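Reviewing the structure listed below.
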Amino acid sequence: MEYQGRICPRGASYYTWQSGDTAQSVAQANGTTVQALQVLNPDVNFATLPAGTEICLPSQSYTCISGAPYTVQAGDTFTSIAARLGITTYELLERNPGVAPDNLMAGQVLCVP
């Protein structure tokens, strides 16, 4: 499948996929979410994306389609974040598809209501 020549929406930027990249690592390094990457690149299978392929990086307005961005702090868990916000862990997981709740990293961006 050909990905080059991608046209990104206004405000988004381009990123060239590197060997060893994952959707999670690219999202974290660029202050966005896996969900936002998937929304902007619906035709991309991040698990099999070859190095050198160009994708779109979302601007802040695309980072959380429904809700607000939350940056994970050291010691945060899905349960503690959900409890602090008064939501269920299911609601948090629903807003963050592709995020492994048992593998949160400080600095990672999640979408919260």
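Positions are given from 1 along the sequence. Just so we're clear, the structure is a prediction, and the values are computed from it rather than from any experiment.
Atom CD in Gln35 sits 11.0 Å away from atom CG in Leu40 (nearest 0.5 Å). With values rounded to the nearest 0.5 angstrom, Leu85 atom CG is found 7.5 Å from Leu92 atom CG. Rounding to the nearest 0.5 angstrom, the gap separating the CD1 atom in Ile7 from the CD atom in Glu54 is 10.5 Å.
For the pair Pro58 and Val39, the minimum side-chain heavy-atom distance is 4.5 Å or more. Phe46 is listed as a side-chain neighbour of Leu37, based on a closest heavy-atom distance under 4.5 Å. Side-chain atoms of Thr89 and Pro101, non-hydrogen and from C-beta on, never get closer than 4.5 Å to each other. Contact annotation: the side chain of Leu57 never approaches that of Tyr14 to less than 4.5 Å [non-hydrogen atoms, C-beta and beyond]. Contact of the Thr16 side chain with the Thr53 side chain is not registered, since no non-hydrogen atoms from C-beta on lie closer than 4.5 Å.
Smallest separation of non-hydrogen atoms from Cys111 and Thr33: SG-CG2, 3.8 Å. Of all heavy-atom pairs between Ala23 and Trp17, the closest is N-CH2, 3.6 Å.
Asn41 places no side-chain N or O within 3.5 Å of a backbone atom of Gln38 that could act as its donor or acceptor partner. In this structure a side-chain-to-backbone donor-acceptor pair under 3.5 Å is missing from Asn30 to Thr32. Counting only distance, with no hydrogens or angles, the side chain of Asp76 and the backbone of Gln73 share a donor-acceptor pair below 3.5 Å. Between the Glu91 side chain and the Thr88 main chain, a donor and an acceptor come within less than 3.5 Å of each other.
In this structure, Met105 is not a member of the same hydrophobic cluster as Leu110, with clusters built from ILVMFWY side-chain heavy atoms closer than 4.5 Å. Val26 and Val34 are assigned to two separate hydrophobic clusters, defined by single-linkage of ILVMFWY side chains at heavy-atom distances under 4.5 Å.
Among residue pairs with one or both ends in residues 91-113, none qualify as ring-ring contact (aromatic ring centres under 6.0 Å, His included); sequence neighbours excluded. Listed by first and then second residue, the disulfide (SG to SG under 2.5 Å) pairs involving residues 25-59 are Cys8-Cys56 (not counting sequence neighbours).
Annotation: ring pair (Phe, Tyr, Trp, His ring centres under 6.0 Å) contacts of Tyr70 (sequence neighbours excluded): none.
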